[in-house]
Number of protein chains: 2
Amino acid sequence: MRAQRLDDEQLDRIFAALSDRTRRRILLRLRSGPATVTELTALAGLSQPAVSKHCKVLEEAGLVRPERDAQRIHRIIELAPLIRAAVFVSQFEVQVDARLDRLEAHLQSGTDEE
Amino acid sequence: MRAQRLDDEQLDRIFAALSDRTRRRILLRLRSGPATVTELTALAGLSQPAVSKHCKVLEEAGLVRPERDAQRIHRIIELAPLIRAAVFVSQFEVQVDARLDRLEAHLQSGTDEE
DNA sequence: GTCGTACATTGCCAAGTGGTTATAGAACTG
DNA sequence: CAGTTCTATAACCACTTGGCAATGTACGAC
């Protein structure tokens with residue numbers, strides 16, 4: 001079935017995008033609103049081209065959308081691929097306790113700026 | 001913080017393991033019980049060494065555990081890393097409707113054998 | 001012991017990844 | 001216009017990945 005192929009390719013890109021900690025940090029940052037490559041570069045502690053590359057990977061996975069504002073380009077997080085990932089994982093009947101979620105989320109955001 | 005490092009490394013491996021469709025198929029297969037490399041090789045349509053490699057990747061991500069039974073080695077799925085992945089995704093407040101879950105899971109397992 | 005089966009490991013290759021520096025382009029500023 | 005800022009692209013590098021065939025190893029059967 002052809003549709004399955006496309007699905008696989010999407011999940012390939014989504015999980016591959018999530019498999020890099022710099023990209024995960026970028027996504028976590030984008031929860032609190034759009035950011036420019038310059039801002040993300042400061043966060044990542046890498047060169048600007050490196051961050052541009054990461055943004056491109058996130059974009060191709062659909063996790064991020066660019067939006068021009070004059071000479072700045074803001075990256076905006078897109079939740080759809082995260083839902084796809086969550087749906088895949090949910091096939092294993094892994095139920096995450098919502099309270100545990102919030103706890104871990106809090107811990108992680110607390111140690112964000114390592 | 002050192003703990004964060006370990007966490008990142010784990011998520012790196014988990015998402016990287018999930019980023020390959022062959023490995024995802026293996027995991028989906030293992031939902032219905034342990035399987036040997038030989039069985040998984042038939043499923044994957046790849047060489048036996050290729051499947052062994054995939055199993056090793058899954059093992060290093062903690063997604064799978066080997067268990068000897070005489071000359072056969074059964075792979076057993078481990079849910080803990082999937083929970084870690086789900087917890088990460090849940091930080092984005094992506095809530096997957098449980099009914100939608102089951103629907104998509106059903107569709108995917110229906111088109112499993114390509 | 002020898003044979004056969006199941007699996008892992010090795011060696012190889014093409015392609016992809018993640019980083020860098022240097023350069024180019026796009027848009028505002030003066 | 002020239003200059004500055006923000007971002008993307010190019011070129012390069014070391015390393016990893018995913019596949020293969022060939023070989024090695026571990027175990028049970030005979």
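Since we're looking at a predicted model, the values are computed, not measured. Just so we're on the same page: letters track the sequence lines, and every chain starts at 1.
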Look at the side chain of A/Arg23 and decide which nucleotide, out of D/dC27, C/dG18, C/dC7, has an atom nearest to it. C/dG18

Among D/dG28, C/dC28, D/dG19, find the nucleotide with the atom closest to the side chain of B/Gln71. D/dG28

Which of these nucleotides, C/dA27, D/dA8, C/dT9, is closest to any side-chain atom of A/Arg68? C/dA27

Between CZ of B/Arg72 and P of D/dA29 the distance, given in whole Å, is 11 Å

Remember a base hit wins even if backbone is also touched, and classify A/Arg21 as base, sugar-phosphate or nothing at under 4.0 Å, heavy atoms. nothing

Report which part of the nucleic acid A/Ala50 touches: base, sugar-phosphate, or nothing (heavy-atom distance under 4.0 Å, all strands). base

So does A/Ser52 get a side-chain nitrogen or oxygen closer than 4.0 Å to the phosphate oxygens (OP1/OP2) of D/dA8? yes

Rounded interatomic separation in angstrom, taking CD1 from A/Ile26 and C1' from D/dT7: 14 Å

So, under a plain 3.5 Å distance rule, would you say the side chain of B/Gln48 forms a donor-acceptor pair with the base of C/dA6? no

Does A/Ser47 put a side-chain nitrogen or oxygen below 4.0 Å from OP1 or OP2 of C/dT20? yes

Of B/Val51 and A/Ala70, whose nearest nucleotide on DNA chain C comes first from the 5' end? B/Val51

Would you say A/Ser19's side chain and A/Ala16's backbone share a donor-acceptor pair under 3.5 angstrom? yes

What integer distance in Å separates A/Glu60:CD from D/dT9:P? 10 Å

d(NE2, A/His74; P, D/dA8) in whole Å: 12 Å

Straight-line distance of A/Leu63 CG to A/Leu79 CG, nearest 0.5 Å: 9.0 Å

Protein-nucleotide distance (B/Glu67, atom CD; C/dA6, atom P), rounded to Å: 19 Å

For D/dG19, does either OP1 or OP2 sit under 4.0 Å from a side-chain N or O belonging to B/His54? yes

Output the single nucleotide from D/dT7, C/dT9, D/dA11 whose closest atom is nearest the side chain of A/Lys53. D/dA11

Closest approach to the side chain of B/Val37, judged atom by atom: which nucleotide of D/dC20, D/dC6, C/dA8 is it? C/dA8

Rounded to whole angstrom units, what separation is found between the CD1 atom of B/Ile73 and the C1' atom of D/dC27? 10 Å

